[in-house]
Every structure is written in structure tokens, then in C-alpha cells.
2 protein chains.
Amino acid sequence: MDGRGTAGLLYLREEEIRLAMELLFYGYRDFTAGPDAILAELGMGRAHHRVLYFVGRHPGITVSELLAILRITKQSLGRVLQPLIAGGYVVQSRGRSDRRQRLLSLTSAGEALERRLFESQRALLARAFRDAGGPAVEGFRKVMLGLLGAEARARVGLRVSVAGAPVAGKVA
Amino acid sequence: MDGRGTAGLLYLREEEIRLAMELLFYGYRDFTAGPDAILAELGMGRAHHRVLYFVGRHPGITVSELLAILRITKQSLGRVLQPLIAGGYVVQSRGRSDRRQRLLSLTSAGEALERRLFESQRALLARAFRDAGGPAVEGFRKVMLGLLGAEARARVGLRVSVAGAPVAGKVA
DNA sequence: CTTGATATGTCAACGACACTGACGTATCCC
DNA sequence: GGGATACGTCAGTGTCGTTGACATATCAAG
């Protein structure tokens with residue numbers, strides 16, 4: 001009736017791809033809206049959140065490692081890290097084996113703020129997970145993992161493969 | 001053995017949430033890397049891509065509608081729209097029923113560029129979909145939809161519910 | 001036909017967050 | 001001692017968002 005033939009499949013395929021693109025665009029934006037609002041009140045932005053998050057996840061992380069995760073320059077990190085240190089959210093300590101390193105950790109104030117930002121996103125994500133159901137969450141992880149480059153996949157890959165399973169060992 | 005009791009469940013739950021957060025962070029970044037590189041060669045950025053994308057999706061869209069989708073100010077849009085018009089990627093035409101409106105459409109050059117950007121992301125997304133499998137893709141859509149706010153959900157919600165089904169009607 | 005609302009454009013200033021390039025210091029390691 | 005490494009910082013630039021103010025064209029209603 002429409003004479004599309006195989007082109008019809010390509011059309012649907014493209015629609016599926018574009019739908020996913022829009023879900024990622026809107027989803028990422030709405031997912032970050034909560035923390036953005038909280039941070040704005042404190043005169044901070046998304047870059048501060050990222051530092052708080054990864055320092056919280058990796059206490060004692062070096063500046064170099066943090067730069068590699070965020071993929072920004074040290075100049076960019078400095079602009080956001082200094083206020084966090086001055087504001088009492090992050091502390092530096094010299095490396096024990098290598099005294100050139102500055103190991104970063106959260107203060108209790110830093111932990112509290114990171115927790116507050118986390119809870120904002122946790123609420124949204126937990127609701128989305130609950131509404132979608134367990135198998136859907138598993139599918140979500142699979143697809144998202146496929147979007148990661150080699151470097152990022154190496155960072156989270158192991159955790160994806162065991163997510164949901166009651167593993168007692170360290171997950172970091 | 002570790003005496004966690006119910007706290008253990010909460011711990012795993014939090015790990016699951018943090019994993020999703022990191023997947024979204026790394027995934028969004030790596031997903032946009034392809035277009036970013038192409039656009040950089042043309043002296044454009046991600047904002048130009050978004051305009052090209054949504055104008056391509058909605059030929060004849062008004063400036064107001066585009067602003068509502070992107071959630072930016074007209075000043076921000078202007079800075080990115082003017083170069084696209086000057087570069088011959090987008091054309092404006094006065095609205096027929098309302099001559100105040102400037103309806104936006106892509107030129108053939110605009111369509112070609114949008115197509116090039118699209119193909120870059122399509123390749124990545126198609127591979128992720130294929131590797132993950134059909135049910136996983138369905139789960140991905142469900143979870144992502146749950147992250148959208150009411151406004152964005154109204155824009156893509158209908159399409160999500162019928163995605164994958166061979167619907168002949170209009171999908172926009 | 002005047003008048004108020006609407007759609008759009010634009011000037012100016014600013015802020016957040018990224019970049020390159022260059023340089024300095026402390027420390028490590030050979 | 002000397003080169004490499006880890007980190008910090010100064011200076012300049014670019015993208016992309018913001019607010020505020022103002023101009024113009026057009027619509028829609030009294």
C-alpha cells in the first residue's frame with residue numbers, strides 16, 4: 001500500500017535510533033536538573049559535582065587519576081577544585097609513597113553535600129528503576145555500557161557484569 | 001559474617017544507583033564525542049548540532065517551539081542560529097497563517113550535515129543495540145523514559161510506547 | 001482603527017566551564 | 001647531578017548558557 005519494501009525497515013530503524021538519541025538528550029538534562037538546582041544555591045556548578053562525586057567514590061585519589069576520569073585539563077580542574085578546598089569540602093594530603101602526589105578526599109561537609117546531591121538523583125533513578133522493572137534495568141545497563149568507549153568501559157565494566165547479584169566483595 | 005543485615009541491601013542498592021549514574025555520565029560523553037569532533041572541524045559546537053537535529057526533525061518549526069524544546073533563551077539560540085543561516089544550513093520562511101513567525105527548515109546542505117552527524121551516532125547506537133539485544137533495548141527505553149520530566153515525556157512518550165512495532169502512521 | 005499581546009531579533013554584560021601555551025616547584029628515580 | 005613526573009598557576013581564548021533592556025512586525029480584539 002505504501003510500496004516501501006525494505007526501505008520501510010530502514011525507516012523504522014532510523015526512528016528507533018532517533019528516539020534513543022532524544023531519550024538520551026532529554027534524559028541526561030532532566031537527570032542533572034536536581035543537582036544543578038542545589039549547586040546553584042551554593043554558587044557551584046556541574047563541574048563541582050563531578051569532582052565531589054569521584055573524590056567521594058575514590059577517597060585518596062590523585063589529581064592525575066581524577067583528571068583521567070574527567071578528561072579535563074589540570075587548569076580546568078584547578079578552577080573548580082580550589083573553591084572546593086577553600087570551602088572545606090575537599091582536603092588534600094601528600095602521598096605517602098610519592099610525596100609529589102596530592103591525594104584528595106572529602107571532608108565531612110563534602111560527604112554531606114555529595115550525599116545530598118546523590119539523594120536527589122537517587123530518588124529519580126530509583127523511581128525510574130521501579131517503574132521499569134528489574135529486567136528493564138538490566139537492559140538499560142547493557143545498552144549504556146555499549147555506548148562507552150574502551151576507557152570508560154574498563155572503569156565500570158566489571159561492575160555492570162555483576163550488578164544485581166549479591167556480591168560481598170569490594171565493588172569499587 | 002559481615003553483620004550487615006538490611007544495611008547490606010541498601011548498600012547494594014546504592015551501588016546500583018551509582019553505577020547507573022556513571023553509565024549516564026560516561027555514556028553521554030562518549031555518545032556525543034563523534035559529532036563533537038565533526039562539528040569542531042566546521043567551527044561549530046554541540047549547540048549547533050541540537051538545532052540541526054530538531055529543525056530536521058520538525059521542518060517548519062517556529063522559533064518559539066524550538067526554544068521550548070531546547071529550553072534556552074532566544075539570545076542563546078540566536079548566537080547559534082545566525083551562523084547556521086549564514087552558512088546556508090538553515091532557512092527561514094514567514095508563517096503563512098501568522099506572518100510574525102519564522103519557520104525554520106534545513107537546506108540540502110543542512111540535511112547533509114545533519115545526516116553526517118546522525119550517521120556517526122547511529123553507528124555507535126546500532127552496535128550497542130545489536131550487542132545488547134532487543135529486550136535490553138526495550139528496557140533501556142523504559143528506564144530512560146522514567147528519567148524524563150513531564151514536558152519531555154509528553155514529547156517522546158507516545159513514540160516509546162510503540163517503538164519496535166511496525167506502525168505505518170506518522171510518528172512525529 | 002487604535003491598542004495590547006505576541007513572535008522575533010538584537011545589543012550589552014556576565015558567568016560557567018572547557019581549551020592552549022608557558023612557566024615554576026617539588027619530588028622521584030636513575 | 002639530571003631528566004622525568006606530579007602538581008600548581010598565570011594569561012588568553014572559545015562555546016554556550018544567562019539576565020536585562022529595547023525595537024519591530026504582526027495579530028487579535030475592542
Side-chain angles (χ1 to χ4, degrees), chain A residues 25 28-29 32-33 35-55 60-87 90-105, chain B residues 25 28-29 32-33 35-55 60-87 90-105:
Chain A
F25 168 65
Y28 192 77
R29 185 180 64 185
T32 53
D36 284 353
I38 295 172
L39 291 157
E41 293 174 3
L42 301 171
M44 297 195 277
R46 204 171 292 181
H48 302 82
H49 186 190
R50 291 198 272 258
V51 170
L52 284 172
Y53 182 90
F54 286 108
V55 171
I61 191 176
T62 66
V63 170
S64 294
E65 285 166 354
L66 187 54
L67 290 176
I69 288 176
L70 298 175
R71 279 201 214 158
I72 58 176
T73 59
K74 62 182 173 181
Q75 295 91 326
S76 294
L77 176 61
R79 189 172 12 80
V80 84
L81 182 57
Q82 284 314 315
L84 285 172
I85 293 171
V90 174
V91 283
Q92 290 176 313
S93 66
R94 307 182 93 89
R96 57 289 91 138
S97 60
D98 186 339
R99 288 174 46 83
R100 291 172 303 178
Q101 297 176 333
R102 300 299 147 91
L103 309 184
L104 305 174
S105 303
Chain B
F25 168 66
Y28 192 78
R29 184 180 65 185
T32 53
D36 284 353
I38 295 172
L39 291 158
E41 294 176 1
L42 300 171
M44 297 195 277
R46 205 172 290 180
H48 302 81
H49 186 191
R50 291 197 272 258
V51 170
L52 285 171
Y53 181 91
F54 286 109
V55 170
I61 191 176
T62 66
V63 170
S64 294
E65 286 167 353
L66 187 53
L67 290 176
I69 288 176
L70 297 176
R71 278 200 216 159
I72 57 176
T73 60
K74 60 181 173 181
Q75 295 90 325
S76 293
L77 177 60
R79 190 166 14 79
V80 85
L81 182 57
Q82 284 314 315
L84 285 172
I85 293 171
V90 173
V91 283
Q92 290 176 314
S93 66
R94 304 183 93 89
R96 54 295 90 136
S97 61
D98 187 339
R99 287 173 48 80
R100 290 173 302 179
Q101 297 176 334
R102 300 301 148 90
L103 309 184
L104 305 173
S105 304

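Proteins come first, then strands; the chains are lettered A, B, ... in the order of their sequence lines, and each starts at number 1.
- Remark: C1' of dG8(D) and CG of Leu66(A) are 15 Å apart, rounded to the nearest angstrom.
- For DNA chain C, the outermost nucleotides in 5' to 3' order that have an atom under 4.0 Å from a heavy atom of chain A are dC17(C) to dC28(C).
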Arg50(B) and Ile69(B): side chain to side chain contact (heavy atoms under 4.5 Å, CB included), yes or no, with the steps?
CA-CA 10 Å; Arg50(B) 291 197 272 258; Ile69(B) 288 176; over 6 Å; no
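- When rounded to the nearest whole Å, the span between CD1 of Ile61(A) and P of dA6(D) equals 14 Å.
- Screening Val80(B), Val51(B), Leu84(B) against Met44(B) for a side-chain contact (heavy atoms from CB on, under 4.5 Å) leaves a single residue, Leu84(B).
- A straight line from CZ of Arg99(B) to P of dA28(D) spans 13 Å, rounded to a whole angstrom.
- The residue among Arg100(A) and Gln92(A) whose nearest nucleotide of DNA chain D is located toward the 5' end is Arg100(A).
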Give each protein N/O atom lying under 3.5 Å from an N/O atom of nucleotides 16-22 of chain D, with the pair distance.
residue, atom, partner, partner atom, Å
dC16(D), OP1, Arg46(B), N, 2.7
dC16(D), OP1, Ala47(B), N, 3.1
dC16(D), OP2, His48(B), ND1, 3.4
dG17(D), OP1, Arg50(B), NH2, 2.6
dG17(D), N7, Arg79(B), NH2, 2.2
dT18(D), OP2, Thr73(B), N, 2.7
dT18(D), OP2, Thr73(B), OG1, 3.1
dT18(D), OP2, Ser76(B), OG, 3.1
dT19(D), O4, Gln75(B), NE2, 3.4
dG20(D), O6, Gln75(B), NE2, 2.8

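- The structure places CZ of Arg94(B) at 4.0 Å from CZ of Arg102(B), a figure rounded to the nearest 0.5 Å.
- Between the Arg29(A) side chain and the Leu70(B) main chain, a donor and an acceptor come within less than 3.5 Å of each other.
- We find that CZ of Arg102(B) is positioned 14 Å from C1' of dC27(D), with the value rounded to whole Å.
- Thr62(A) has its side chain out of reach of Leu104(A): every pair of non-hydrogen atoms, C-beta onward, lies at least 4.5 Å apart.
- In this structure, Pro83(B) and Gly78(B) approach most closely via the heavy-atom pair CD-O, 4.1 Å.
- Between Phe25(B) and Phe54(A), the ring planes lie tilted relative to each other; the angle falls in the 30° to 60° range.
- Side-chain N or O atoms of Ser105(A) include none that pairs as donor or acceptor with a backbone N or O of Val91(A) at under 3.5 Å.
- Scanning all heavy atoms of the two residues, the minimum distance from Val55(A) to Ile61(A) falls at CG2-CG2, 4.2 Å.
- Between the NE2 atom of His49(B) and the C1' atom of dT15(D) there is a distance of 16 Å, given to the nearest Å.
- Atom CD in Glu65(A) sits about 12 Å away from atom C1' in dA6(D), given to the nearest Å.
- Comparing dT26(D), dC7(D), dA4(D) against the side chain of Ser64(A) picks out dC7(D) as the nearest.
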